[in-house]
Amino acid sequence: MTAKTAKDSGDGGLTTRNDVPPTPASDVPDAGLRSLNHYKRALPGWRYRERQRVLPLIRWETPYLAWMQDKLRTPALDSYFAITANLGTHTFFMVGLPMLFWCGYPSFGKGLVHILALGVFWTGFVKDFYSLPRPLSPPLHRITMSGSAALEYGFPSTHSANAVSVAVYGLLMLRDPDNTLPPTTRSGLEILAYFYAVSIVFGRLYCGMHGFLDVVIGSILGAAISLVVFHYGPPLDEYMHSSSWVAPVIAGLIIVILVRIHPEPADDCPCFDDSVAFAGVVIGLEFGTWTYGRIPGDPWVTHAHADTTVDVTPLGLGVNIARIVIGVLIVFLWRETMKPLLLKTLPSLFRLIENSGFILPRRFFTPASEYKSVPPGSRLDTLFPEPSDFPRMVESIRHPTTRGRSVSIGPQSAADAYETLAYREKRRRESMSSHPTLRTKASNRELASTKEEEDHSGKVAKVSGAQKSPLNQYESQMGRLPSPAKENGETEVRGGGGGGDDDVDDEMDEDVMFSQLVKPRVRYDVEVVTKLIVYAGIAWFATALIPIIFELIGLGTNGLEPV
């Protein structure tokens, strides 16, 4: 049961979410789906078996994460890790990456595009393949500024992959023999890279958003991607630039095929959306690399090709600011023009294709035959901010109390809810197997009362006459649901923990839990093609076309020398 608000006092108490209306009863999944059989039915047998092999590790580490979080949490750290988590998101990099191309660091920018695209795609691929939940809440508190992040699966951590890949790639660049930075500057940047990676990775544990396995595998994946891109990225760029038109076409086809074979998730997880967006970015980048020097006025020698940087300081501060502002405006103009145009024209084409016998949409995407048009103003992605988002972003930086940090307890996504029910069932079966003679509700309630006594603050008192350890205390909260917030800010965790729960109460808890989940937005089949085209265009503009526009309006770099 999710409890979130745009403003949070930082005391860790359960708050109330008012900005998302409860899901209508008609949209609540049938009770028959709320069981371990959900994933057995939704996944192919071999994927389900792989999932079941990893799931015990996710459950095993949860009490340790809760113990660590309980020992370390303070309001200041809550704010720090919630805010700095934005530095590991795709949105942060999508806003910043184009500026590297306009400020004289095209080689570094292309490297970052490649490692981030590979990281987002492959972590999303693995997430949807395994369909594993995040560590259970309760006992963990979820601290986040992103509502969409909670809808994704937990294994592996994309934040960790992004942060470690950027840090490792930066360290490799700094330690390159050709690096000309002063030793003190190089050492300072290396320390900053280490701190950045450790802060983001540890923050995912602190915020209760990921477990040890999530961040370890995500970090390993990020480091491996950086090593591959560092050693093989420059030869690929050289080949892409010097080849015929066949090379970018083949690269685009390979990327489209990878998007097509992206595993279908068991739940409505938005990982695929981010993978598609970054796939479009790579298509645009590779095509832009191929066009360097092939368009009249293209300043590729001093801007975007080969392993060089360009010192743009001679242009002056005002010109450089103007370049960034104009570049950003062009990118937004492209997106705000092409997105509504494609969403208006593509449904008719998709309906024609569907009537011909071809089914294009994936699971959880509404086919064109079921809607007349995409509603105007639909928020089809959160990867790249809308122009209307910037006032809110500026306001959130100026005023800490409006930063949108939320502390929630309880399931936030369908994956969370199913895992809560699955763990509840696991505990119930364990209790029944250890006491085979106790089969009735009354006997189970008696068993529960002799095993555990819990006061209203959620503190466990005794188990069979012995004091429970902290880890056992946190473990006893797994599979339970938080009750509504009390006036004093305390949260009571109740229900679903052992073999003595009343079946009627459990069913009521399930109805409440599923009805109060954050409901994923409606997704349309045309979104996949729309994102590929829009984000490919963003990357092509940022890397190839906008520098030509700079030359045409007198803000170019053709008069400068590469470093």
Checking [X] side chain against [Y] main chain: does a donor-acceptor pair fall under 3.5 Å?
X	Y	value
Asp214	Gly211	yes
Trp102	Ala542	yes
Thr366	Arg523	yes
Arg142	Gly208	yes
Arg134	Gly154	no
Thr337	Trp334	no
His159	Ala85	yes
Trp290	Ser243	yes
Arg335	Ile538	no
Arg323	Leu555	yes

Just so I know, are the side chains of [X] and [Y] near enough to count as touching, which here means a heavy-atom distance under 4.5 Å?
X	Y	value
Leu132	Arg51	yes
Leu221	Ser160	no
Asp237	His114	yes
Tyr418	Asp267	yes
Cys269	Asp128	yes
Arg47	Tyr39	no
Val526	Leu342	no
Pro133	Thr420	no

Nearest heavy atoms of [X] and [Y], plus distance in Å:
X	Y	result
Pro156	Ile217	CB-CG2, 4.0 Å
Ser165	Gly222	CB-O, 3.3 Å
Ala368	Pro347	CB-O, 3.6 Å
Pro411	Ala417	CB-N, 3.8 Å
Ala266	Ser131	N-OG, 3.4 Å
Ala279	Ile255	CB-CG2, 3.4 Å

Side chain to side chain contact (heavy atoms under 4.5 Å, CB included) between Leu346 and Leu349, intermediate numbers included = CA-CA 5 Å; Leu346 285 178; Leu349 175 62; 4.2 Å; yes
Nearest 0.5 Å, what's the [atom1]-[atom2] distance between [X] and [Y]?
X	Y	atom1	atom2	result
Leu285	Trp540	CG	CH2	13.0 Å
Ile321	Ile326	CD1	CD1	12.0 Å
Ser157	His210	OG	NE2	3.5 Å
Glu50	Leu55	CD	CG	13.0 Å
Thr543	Phe287	OG1	CZ	10.0 Å
Ser226	Leu112	OG	CG	8.5 Å

Before giving the answer on side chain to side chain contact (heavy atoms under 4.5 Å, CB included), spell out for Leu333 and Leu329 the whole-Å C-alpha distance, their side-chain angles and the decisive distance to 0.1 Å.
-> CA-CA 6 Å; Leu333 180 63; Leu329 289 176; over 6 Å; no
Name the one of Phe272, Trp46, Tyr153 that satisfies ring-ring contact (aromatic ring centres under 6.0 Å, His included) with Phe129?
-> Trp46
ring-ring contact (aromatic ring centres under 6.0 Å, His included) with Tyr524: of Phe364, Tyr371, Phe350, Phe365, only one passes, and it is Tyr371
Where does the angle between the aromatic ring planes of Tyr169 and Phe108 fall among parallel (under 30°), tilted (30 to 60°) and perpendicular (over 60°)?
-> parallel
For Arg351, what residues pass the salt bridge (charged side-chain N to carboxylate O under 4.0 Å, His left out) criterion, not counting sequence neighbours?
-> none
Working for side chain to side chain contact (heavy atoms under 4.5 Å, CB included), residues Lys110 and Phe101 = CA-CA 8 Å; Lys110 283 190 287 186; Phe101 292 88; 3.5 Å; yes
Candidate pair Leu97 and Leu100, rule side chain to side chain contact (heavy atoms under 4.5 Å, CB included), full reasoning = CA-CA 5 Å; Leu97 283 174; Leu100 291 174; 4.1 Å; yes
